[in-house]
A.B. asks: 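The structure under discussion is supplied below as structure tokens; questions concerning it will follow.
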Amino acid sequence: MAQTTNALSWANATISLSANGTTWTDISGFANSVSVDGGERATSEFFTVDGDTPIVTSGKRGFLEITIKAVYTEAGSDAYAMGMTAYENNTPLYAKWIPKGSGAGAFVFTTSIGRVTKPIYPQGAADSADAIQFELGISCGSITKSTL
């Protein structure tokens, strides 16, 4: 099989947040990365007297943890403010990302209703010139893939 020529980089990705799943705020100018963890499907094994290998069954999937790394700023409507509001008030927060960026046919990945589960207070060190950053953790039940 020939090597692909359709590989993408994250350079043109768009990342958005929403408090209601309908009205989206583009945080691409703040965000650096998106990572997804969890979602493992529960499995079990059962051994019978006859046989050397188990009977394997599967069940439900676990929740997903989406982590968005972003730069910390103090404007009232930026990524940090949206995440902190959802965390402190225990209100929903949705995330959406488009790895290819905008354009017809691009895949869109959207979380189901989520909750910010970890505090996102800024932190840093005086001996660093790095921009202050934070990690926004959103726990949700599923991610839906659609097309622009």
A.B. asks: Working to the nearest 0.5 Å, report the span between CD1 of I138 and CZ of R115.
C.D. replies: 11.5 Å
A.B. asks: Would you name the heavy atoms of G101 and L148 that are closest together and state the gap between them?
C.D. replies: O-CD1, 4.1 Å
A.B. asks: Out of curiosity, S35 OG to E135 CD, how far, rounded to the nearest 0.5 Å?
C.D. replies: 7.0 Å
A.B. asks: Would I113 end up clustered with W24 when hydrophobic side chains under 4.5 Å apart are linked, directly or stepwise?
C.D. replies: yes
A.B. asks: Does one side chain, of D50 or T48, offer a donor that lies under 3.5 Å from an acceptor on the other?
C.D. replies: no
A.B. asks: So do the side chains of F107 and T147 get within less than 4.5 Å of each other, counting heavy atoms only?
C.D. replies: yes
A.B. asks: Could you label the plane-to-plane angle of the W97 and F109 rings as parallel, tilted or perpendicular, counting under 30° as parallel and over 60° as perpendicular?
C.D. replies: parallel
A.B. asks: Sequence neighbours left out, cut at 3.5 Å: what donor-acceptor pairs do the side chains of residues 58-85 make with other protein atoms?
C.D. replies:
from	atom 1	to	atom 2	distance (Å)
E65	OE1	S139	OG	2.5
Y72	OH	E74	OE2	2.5
T73	OG1	D78	OD2	2.0
D78	OD1	Y80	N	3.3
D78	OD1	A81	N	2.9
D78	OD2	A75	N	3.3
T85	OG1	A81	O	2.8

A.B. asks: Tell me whether T111 contacts the main-chain N or O of I143 through its side chain, where contact means a donor paired with an acceptor under 3.5 Å.
C.D. replies: no
A.B. asks: Mark yes or no for whether S112, through its side chain, and G141, through its backbone, hold a donor-acceptor pair below 3.5 Å.
C.D. replies: yes
A.B. asks: Quick one: do I98 and Y94 end up in the same hydrophobic cluster if we chain Ile, Leu, Val, Met, Phe, Trp and Tyr together by side-chain heavy atoms under 4.5 Å apart?
C.D. replies: no
A.B. asks: Could you state the interatomic distance from OG1 (T25) to NZ (K96), rounded to the nearest 0.5 Å?
C.D. replies: 10.0 Å
A.B. asks: Can you name the closest pair of heavy atoms from E88 and Y121 and give their distance?
C.D. replies: OE2-OH, 4.1 Å
A.B. asks: Do W10 and V108 belong to the same hydrophobic cluster, where Ile, Leu, Val, Met, Phe, Trp and Tyr are linked whenever their side-chain heavy atoms lie under 4.5 Å apart, directly or via other members?
C.D. replies: no
A.B. asks: Is I132 reachable from L136 through a run of hydrophobic residues whose side-chain heavy atoms are each under 4.5 Å from the next?
C.D. replies: yes
A.B. asks: For residues K100 and A106, report the shortest heavy-atom separation together with the two atoms involved.
C.D. replies: CB-CB, 4.1 Å
A.B. asks: For residues V56 and F47: do they belong to one hydrophobic cluster (side chain heavy atoms under 4.5 Å, members Ile, Leu, Val, Met, Phe, Trp, Tyr)?
C.D. replies: no
A.B. asks: What pair of heavy atoms forms the shortest contact from G114 to C140, and how long is it?
C.D. replies: CA-CB, 4.1 Å
A.B. asks: Just how far is it from atom CG of N20 to atom CG of L93, taken to the nearest 0.5 Å?
C.D. replies: 10.5 Å
